[in-house]
Amino acid sequence: MLDEELKQKIYETGFKNEETYGGCAQCVLATIKQTLGQVTDDTFKAATGLAGGVAASGNACGACTGAILSMGSFL
């Protein structure tokens, strides 16, 4: 379980990244990269096409796909 201080840091970083990147997948990946590590620049760049629910189609949540990608970075 994450301690409260780390949870707060992740929340604040995610909030700032939403303003910076706008795309939910990249926002999540950047947040994980900045707080926990493991996510590469290439993974972050590859998530560009996931913005707006996969190429702005609205079909798949970018935050969900970004989170799944970040989990894969730890395996």
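Note: hydrogens, waters and symmetry copies are ignored here, and every other heavy atom, side chains too, is used.
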Just verifying a value: how many Å separate [X] [atom1] and [Y] [atom2], rounded to the nearest 0.5 Å?
| X | Y | atom1 | atom2 | value |
| --- | --- | --- | --- | --- |
| Q38 | S70 | CD | OG | 10.5 Å |
| C27 | K16 | SG | NZ | 12.5 Å |
| T35 | Y11 | OG1 | OH | 15.0 Å |
| S73 | L29 | OG | CG | 7.0 Å |

How close do [X] and [Y] get, counting heavy atoms only, and between which atoms?
| X | Y | answer |
| --- | --- | --- |
| C24 | A63 | CB-N, 3.4 Å |
| G66 | V28 | C-CG1, 3.8 Å |
| A60 | T65 | CB-CG2, 4.3 Å |

Is [X] reaching over with its side chain to a backbone N or O of [Y], donor-acceptor style, under 3.5 angstrom?
| X | Y | answer |
| --- | --- | --- |
| Q26 | F44 | yes |
| D3 | L6 | yes |
| T48 | K45 | yes |

E12/K9 salt bridge by N-O under 4.0 Å criterion: no
Distance-only side-chain donor-acceptor flag, Q34 / N17, under 3.5 Å: yes
Polar contact flag, side-chain donor to acceptor under 3.5 angstrom, T43-T40: yes
same_hphob_cluster(I68, F74) at 4.5 Å side-chain heavy-atom cutoff: no
Pairwise side-chain contact, L50 with L69, heavy-atom cut-off 4.5 Å (strictly under): yes
